[in-house]
Every structure is written in structure tokens, then in C-alpha cells.
Amino acid sequence: MTAPTPDAAGRLTVVLGITGGIAAYKAVGVARAFVVAGHDVHIVATDGALRFVGRPTLEAISRNPVHTDLYEGVAEVRHVALGQRADLIVIAPATAHTVASLAAGLAGDLLGTTVLASSAPLVIAPAMHTEMWEHPATVANIATLRSRGVTIVGPESGRLTGSDAGPGRMAEPEMIVEAALAIVGPRDLVGRSILISAGGTREPLDPVRFLGNRSSGRQGVALARAALARGATVTLVAAHLEVDAPAGATVIEVGTAAELQAAMRDHAAQADTVIMSAAVADFRPVSVADGKIKKDAVGETLSLSLERTPDVLAGLAAARRPGQSIIGFAAETERDDERLLQIGAEKARRKGVDLLVVNRVGWSEGFGSSTNSVMVLDGAGSVVARTEGDKTSVAHRILDLLAQPRIP
Ligand code: CTP
């Protein structure tokens with residue numbers, strides 16, 4: 001799933017799919033609530049939806065043309081363009097038929113192609129009669145969608161269209177909008193420009209070998225994604241990532257510590273926050289062989305001569321402009337908590353950072369895993385937060401500290 005990329009005002013591009021059920025009249029309220037919250041709403045309505053609610057109403061409320069036909073706007077490739085542009089897709093109401101189509105990945109109409117062409121979060125608000133909602137086919141389809149990360153809001157239990165009552169009534173518009181916006185997170189970093197390094201550098205020994213480290217870049221990429229979701233502009237300096245960089249970030253690929261340093265220096269001036277989560281080589285070979293090092297030419301043992309690389313983080317901290325925040329990471333193998341804290345505090349002071357995120361690494365800890373356990377120290381070495389969990393929630397906790405007024 002791609003992180004939303006709101007404009008400078010924090011405005012999201014929301015695609016609102018409306019399908020053919022009586023609850024379509026309540027979709028007007030959903031469109032209205034998104035518009036009132038300041039977002040750009042593009043409605044994709046099925047033919048069925050337009051039997052329940054008029055196109056002029058939807059256009060007036062959303063302030064944009066309503067899209068229905070797969071064969072309209074073919075020259076601008078509209079069947080995928082809407083999905084590619086979307087920061088968020090909400091389908092309200094989603095009929096039993098729509099739920100089944102989504103689960104099967106059908107692309108027979110404009111809403112289907114829009115959803116398939118998008119990596120934005122998808123939120124659906126099902127609405128149907130209780131029997132249809134409880135039918136094993138619908139139950140299985142909903143489970144499939146949930147397993148793909150789709151957020152299901154409602155349905156509520158209550159009076160249905162006829163005289164019957166039970167689960168199946170579409171959730172109220174405010175609830176749908178609130179749930180959808182909660183997924184894209186708080187918008188507290190709008191206007192902030194964040195430079196993040198992620199991954200691990202590699203120092204070549206010869207054309208086929210390098211000295212590297214086990215960093216996958218997962219925590220740095222999670223920070224980039226979370227910062228984008230909260231409205232920041234993100235530049236990601238990426239060293240050999242094992243995971244995809246978020247689409248909304250400006251990505252600069254680097255290989256060595258020297259390349260990483262150059263990229264960070266070039267972009268630090270435009271950033272109000274710099275986060276060094278990359279694992280940077282501390283040493284590199286003094287010389288790099290032009291051709292492959294041959295074992296017969298070397299003998300039984302090979303000694304490498306290594307030299308120190310520049311400390312990128314300390315350099316950035318020393319050159320920081322007023323108001324700029326510098327955040328470092330420290331990956332330590334120390335087992336003793338007390339000693340880990342001491343090492344972290346000493347490192348925070350030595351590097352001149354505003355925050356230092358300390359985590360324990362080992363043969364089976366930290367690297368490559370989807371979870372992390374960290375403590376965050378301030379520049380004086382005092383613990384300001386401890387958190388653990390998946391790397392996304394750890395990223396959000398670190399960004400919470402940035403969003404506080406104390407850290408500019
Ligand atoms: N770092 C850096 N440049 C280097 C080495 C590290 O900018 N040449 C940064 C890392 O990105 C991280 C922080 O410094 O944010 C701490 O890295 P770490 O390897 O824990 O610290 P070192 O200063 O290298 O100290 P040591 O390895 O001796 O613990």
C-alpha cells in the first residue's frame with residue numbers, strides 16, 4: 001500500500017466509489033464530509049448508483065465531474081488514472097455484488113479498474129440485507145478483502161429498507177469518513193520537509209565484492225512512509241534497500257558511505273529534519289582492486305587495509321542550520337540495559353543530535369525483521385520514549401516526538 005501524498009495544504013485526493021444500493025443517498029453525506037474536511041473528492045458511480053441518486057447532486061457536492069463510464073476519457077487513460085492519483089479510495093455503499101467483485105479482482109467497470117490500478121488504502125462501507133451480509137459467499141469475500149488490508153466500516157445493525165431489521169445498514173457518513181481519515185493518519189507534519197537515509201552502505205573491495213552490513217532499510221522506509229502519510233515532504237537517500245521505497249518520496253539511490261554523505265549534504269539544506277537511519281560503513285578498503293582479487297595470487301590468508309569513513313551524522317549535526325532537527329540511530333549489541341543506556345547517552349552527546357534512537361541488534365535481532373524495540377534519547381542522553389512493535393508503529397512513535405513543539 002502506498003502512503004498518501006497530500007499537497008502542501010494537506011489535501012488528499014479521495015476517490016469515492018458509489019454503488020447501486022438504496023444507501024447511495026447517504027453517500028452524498030460522505031462526499032460532503034470529505035469536502036468539508038478540505039479534501040479533493042472524485043466520485044466514481046456505477047450505473048446502479050445513479051438510479052438512486054442524481055449526477056447533478058453528486059457533482060454539486062463533490063465539486064468535480066462524476067465518472068461512470070469505462071469508455072469515457074479513454075485518451076487520458078481514465079480507467080487507471082483515477083486510481084493512480086488517489087490517496088484514498090472509499091466505496092460507500094458497497095453492495096454484495098461490489099464486495100464479490102472486489103474480492104475476485106474484477107475489472108469490468110470503471111470502479112473495478114480504478115481499484116486495481118491503485119495502491120492507495122481502500123475503505124468499504126457495505127450495505128445490504130441481513131441475509132446477504134450473512135451469506136457464506138459474502139462472509140468469505142469480506143474475509144478475503146480484510147486479509148488484503150481493506151478496511152471494512154460497518155455495517156450497522158438496525159432498521160433496513162423494508163420493515164425488517166438486522167445487520168446490513170450502511171454506517172453513518174461521519175463514521176466512514178472518520179475511519180478512512182484515521183487510516184491515513186494524523187496530518188501533523190504538513191509543511192515539514194524530512195530527509196531520511198535508509199539501508200546499508202557497501203564498500204567495494206574489487207568489481208565483484210564489497211564490505212556491507214545486514215541493514216534491510218525497513219525501519220527507514222517505515223519512517224518515510226509514515227512521514228508521508230502525516231503530510232511531510234520526504235527525500236529518501238536509499239542504500240541497497242531490501243524493501244520498496246514509498247512512491248511519494250523523492251528517492252536518491254546511493255552505494256557507498258561517500259555517496260551517502262554527498263547525497264545527505266546536498267539535500268540537508270532544504271530539510272527541516274534529518275533522520276540518519278542508514279547503517280553506514282565505518283571503514284572502507286584503502287584501495288579498491290581494478291580486477292577480481294584471485295586467491296592463487298593471494299595465498300592462504302588475505303589481509304585488508306581499511307580506513308575510517310567520514311561520520312556523516314556528526315558532520316550534519318555540526319553544520320545544522322538554526323531550527324533544524326537531527327536524529328540519529330544507534331544499533332548496539334550490548335546485552336545489559338544499564339550499559340546500553342550509557343553507550344546511547346554518550347553517543348547522543350558525541351554526535352550532537354537532537355534525538356538518538358537506540359536499538360539492540362544481534363544475530364537474530366533487529367536486522368531484516370518487521371518489528372523493532374527502541375528507546376529514544378534526547379541530545380543530553382535522557383530517555384524520552386521507549387517503544388516496541390512493528391516498524392510502522394515504531395516509526396509513528398518517533399514522528400510523534402518530532403511533531404511535538406519541543407523538537408522544532
Ligand atoms: N553514522 C554516520 N556515519 C558513519 C557511521 C555512522 O552517519 N560513518 C550514523 C548512523 O547512520 C547512525 C549513527 O551514526 O545514525 C550511529 O551509528 P553507529 O554505527 O551506531 O555509531 P558509530 O558512530 O559508528 O559508533 P560505533 O560503531 O563505534 O558504535
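Residue numbers run from 1 in the order of the sequence given. Order of listing sets the numbers, starting from 1, for every ligand and every atom in it.
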Exercise for the section: Identify, for atom 16 (C) of ligand 1, the protein heavy atom at the shortest distance, and state residue, atom and that distance. Expected result: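 Nearest neighbour among protein heavy atoms for atom 16 (C) of ligand 1, to 0.1 Å: F329 O, 2.8 Å.
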Exercise for the section: Name the closest protein heavy atom to atom 21 (O) of ligand 1, giving the residue it belongs to and the distance to 0.1 Å. Expected result: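 Here the nearest protein heavy atom works out to K347 NZ, 2.9 Å.
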May I ask you to check if ligand 1 and [X] share an N or O to N or O distance below 3.5 Å?
| X | answer |
| --- | --- |
| P310 | yes |
| G328 | no |
| L313 | yes |
| M276 | yes |

Exercise for the section: Check whether any side-chain N or O of R360 sits under 3.5 Å from a backbone N or O of R335 as a donor-acceptor pair, and report yes or no. Expected result: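 Yes, the answer is positive, given that a donor and an acceptor are paired below the 3.5 Å cut-off.
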Exercise for the section: Kindly indicate whether the side chain of M276, heavy atoms from C-beta on, has any atom under 4.5 Å from the side chain of L316. Expected result: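 Sidechains of L316 and M276: in contact.
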Practice task
Would you mind listing which atoms of ligand 1 come within a distance below 4.0 Å of any non-hydrogen atom of D282?
Solution key: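 Near D282, meaning under 4.0 Å from one of its heavy atoms, ligand 1 has 4 (C), 5 (C), 8 (N), 24 (O), 27 (O).
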Problem - Element-labelled atoms of ligand 1 that are located less than 4.0 Å from some non-hydrogen atom of A278 - result: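 Listed by number with element: 10 (C), 11 (O).
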Whether [Y] and [X] form a salt bridge (side-chain N of Lys/Arg under 4.0 Å from carboxylate O of Asp/Glu) is what I want to check.
| X | Y | result |
| --- | --- | --- |
| R230 | D400 | yes |
| D311 | K351 | yes |
| R63 | D40 | no |

Practice task
Show the numbers, then the answer: is there a side chain to side chain contact (heavy atoms under 4.5 Å, CB included) between T46 and I18?
Solution key: CA-CA 6 Å; T46 61; I18 307 180; over 6 Å; no
Below 4.0 Å from any atom of ligand 1, is there a heavy atom belonging to [X]?
| X | result |
| --- | --- |
| A281 | yes |
| K351 | yes |
| A331 | yes |
| Q261 | no |

Exercise for the section: Might you check, step by step, whether the distance between atom 28 (O) of ligand 1 and some protein heavy atom is under 4.0 Å? Expected result: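 Protein heavy atom within 4.0 Å of atom 28 (O) of ligand 1: absent.
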Practice task
Tell me, with the steps shown, if T371 and K391 meet side chain to side chain contact (heavy atoms under 4.5 Å, CB included).
Solution key: CA-CA 5 Å; T371 58; K391 287 187 174 172; 5.7 Å; no
Exercise for the section: Considering non-hydrogen atoms only, spot the tightest contact between A227 and L189 and give its length. Expected result: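 So the minimum-distance heavy-atom pair works out to CA-CD1, 4.3 Å.
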Exercise for the section: Name the orientation class of the two ring planes belonging to F34 and H39 (parallel below 30°, tilted from 30 to 60°, perpendicular beyond 60°). Expected result: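 Because their plane-to-plane angle is over 60°, the rings of F34 and H39 count as perpendicular.
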